[in-house]
Amino acid sequence: MQLDGPVCRELAATAARHGITLVAGVVETSDEEGRAYNTLVAFDSSGALVAVYRKIHLFDAQGFGESMFIKPGPSTEPVVFEAGGAVFGLMTCYDLRFPELARSLADAGAQVLLVCSSWVPGTHKTEQWLSLNAARAIENSVYVAGVCQAPPVSVGRSLLVDPMGYVEADLGPEPGVLTVEVSLSTVARVREQFPMFRQRRLG
């Protein structure tokens with residue numbers, strides 16, 4: 001599909017109709033036959049497209065070859081956008097295992113990381129999903145909202161982790177919808193308590 005095609009037009013209309021910012025994963029046509037992009041799109045409350053992130057780390061692991069049908073995004077630049085006074089950064093699934101991407105998003109101003117995922121089940125995979133979301137939150141003093149498809153396709157456990165690593169919400173393994181709040185003052189307070197961005201010696 002194209003970003004100006006019917007799927008994205010409907011997503012934009014939904015965002016405008018409800019007056020919300022909407023982030024969704026889509027399969028976007030690339031210029032290479034047989035391989036598409038795994039893409040996140042963000043539409044603001046007017047329906048305008050405000051951010052596009054094409055997944056850069058492909059899941060060629062556990063006997064699975066995502067790169068056979070998905071093309072990595074051509075840019076490694078962090079993708080952030082502003083909504084409701086907060087800055088959000090975009091990541092997709094396997095990206096969560098690469099801390100340098102989360103750090104680049106925080107460096108670009110992100111206060112909340114949005115992780116859209118189909119986390120494949122397997123040995124200790126649920127524990128890894130929970131731990132990695134918490135790790136990315138703690139090491140960058142950000143909120144992490146990890147959204148994951150429910151079983152049997154994926155492990156589920158969509159959650160919100162605060163900048164101290166505390167899980168404020170966890171939907172468990174079943175499909176569901178939950179409204180949660182983030183506090184930018186909490187982000188600022190934790191970054192003052194742990195001034196890692198000023199103290200780091202590498203990167």
Side-chain angles (χ1 to χ4, degrees), residues 1 3 5-28 36-45 47 49-55 57-59 61-64 66 69-70 79 81 83-84 86 88-97 101-102 105 110 112-137 142-163 165-183:
M1 57 148 282
L3 294 186
V7 172
C8 283
R9 288 201 299 270
E10 182 59 32
L11 291 172
T14 299
R17 183 166 60 250
H18 295 286
I20 60 172
T21 298
L22 187 153
V23 177
V26 298
V27 178
E28 178 193 1
Y37 291 122
N38 187 341
T39 302
L40 287 179
V41 289
F43 297 92
D44 69 12
S45 58
L49 181 65
V50 294
V52 176
Y53 169 67
R54 297 175 178 94
K55 184 183 181 188
H57 299 109
L58 301 185
F59 186 62
Q62 291 188 296
F64 189 81
E66 186 179 18
F69 53 91
I70 295 293
V79 176
F81 68 93
F88 295 84
L90 297 179
M91 303 174 66
T92 303
C93 203
Y94 197 50
D95 284 333
L96 196 60
R97 292 184 180 272
L101 177 56
L105 290 165
V112 184
L113 303 184
L114 304 178
V115 185
C116 180
S117 183
S118 177
W119 200 259
V120 177
T123 304
H124 305 309
K125 289 295 293 292
T126 298
E127 292 82 1
Q128 292 173 11
W129 166 253
L130 299 173
S131 296
L132 288 167
N133 276 279
R136 300 295 86 88
V142 294
Y143 283 91
V144 175
V147 178
C148 184
Q149 287 180 298
V153 175
S154 305
V155 302
R157 301 297 296 271
S158 294
L159 75 170
L160 178 74
V161 186
D162 80 2
Y166 176 73
V167 178
E168 293 196 355
D170 184 340
L171 276 175
E174 301 302 322
V177 177
L178 186 65
T179 300
V180 294
E181 294 186 4
V182 299
S183 166

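Taking all atoms of both residues into account, the shortest heavy-atom contact from Q149 to S154 is O-CB, 3.1 Å. What you find for G165 and A134 is that their closest heavy atoms are O-CB, 4.3 Å. Across P121 and P152, no two heavy atoms sit closer than the pair CG-O, 3.8 Å. The minimum heavy-atom distance between V153 and S118, with the atom names listed, is CG1-OG, 3.8 Å. Counting all heavy atoms, side chain and backbone alike, I70 lies closest to L58 at O-CD1, 3.2 Å. The shortest heavy-atom contact between W129 and C148 is CZ2-CB, 3.7 Å.
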Residue pair L160, V182: steps toward the side chain to side chain contact (heavy atoms under 4.5 Å, CB included) verdict: CA-CA 9 Å; L160 178 74; V182 299; 4.3 Å; yes
Could you go through L90 and V23, starting from their C-alpha distance and side-chain angles, then the distance that decides it, and tell me whether this counts as side chain to side chain contact (heavy atoms under 4.5 Å, CB included)? CA-CA 9 Å; L90 297 179; V23 177; 4.0 Å; yes
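Between H57 atom NE2 and C93 atom SG the span is 12.5 Å, to the nearest 0.5 Å. If you take CG on L130 and CG on L159, they are separated by 6.0 Å, rounding to the nearest 0.5 Å. Distance check: M91 CE to R136 CZ gives 7.0 Å after rounding to the nearest 0.5 Å.
In this structure, L178 and V180 have side chains that are in contact, with non-hydrogen atoms separated by less than 4.5 Å. Side chains of V161 and E168 form no contact here, defined as non-hydrogen atoms less than 4.5 Å apart. Contact annotation: the side chain of S45 never approaches that of I20 to less than 4.5 Å [non-hydrogen atoms, C-beta and beyond]. Counting heavy atoms from C-beta on, the side chains of N38 and V27 never come closer than 4.5 Å. Side chains of L40 and C116 form a contact here, defined as non-hydrogen atoms less than 4.5 Å apart. Inter-residue side-chain proximity for T14 and L22 is flagged as met; some heavy-atom pair is nearer than 4.5 Å. Proximity of L49 to V41: side-chain heavy atoms (C-beta onward) are separated by under 4.5 Å at one or more points. In this structure the side chain of E66 reaches within 4.5 angstrom of the side chain of K55, judged on heavy atoms.
For Y143, there are no ring-ring contact (aromatic ring centres under 6.0 Å, His included) partners two or more places apart in sequence or in a different chain. With sequence neighbours excluded, the residues satisfying ring-ring contact (aromatic ring centres under 6.0 Å, His included) with Y94 are F59, F98. Shown here are the ring-ring contact (aromatic ring centres under 6.0 Å, His included) partners of F81, two or more places apart in sequence or in another chain: F88. Residues passing the side-chain contact (heavy atoms from CB on, under 4.5 Å) test with A110 are V80, L105, L113, sequence neighbours excluded. With sequence neighbours excluded, the residues that form a side-chain contact (heavy atoms from CB on, under 4.5 Å) with P173 are P151, R157. Partners of Q128 according to the side-chain hydrogen bond (donor to acceptor under 3.5 Å, both in side chains) rule, which considers only residues two or more places apart in sequence or in another chain, are R97.
By the neighbour-count criterion of 12 heavy atoms within 6.0 Å, atom CD of E181 is sparsely surrounded, having that number or fewer from other residues, nucleotides or ligands. Residue Y166 places its OH atom among 12 or fewer non-hydrogen atoms of other residues, nucleotides or ligands, all under 6.0 Å distant. The number of heavy atoms from other shown groups lying within 6.0 Å of NE2 (H124) does not exceed 12.
Screening T39, D95, T92 for a side chain to side chain donor-acceptor pair (under 3.5 Å) involving Y53 leaves a single residue, D95.
Between the S117 side chain and the W119 main chain, a donor and an acceptor come within less than 3.5 Å of each other.
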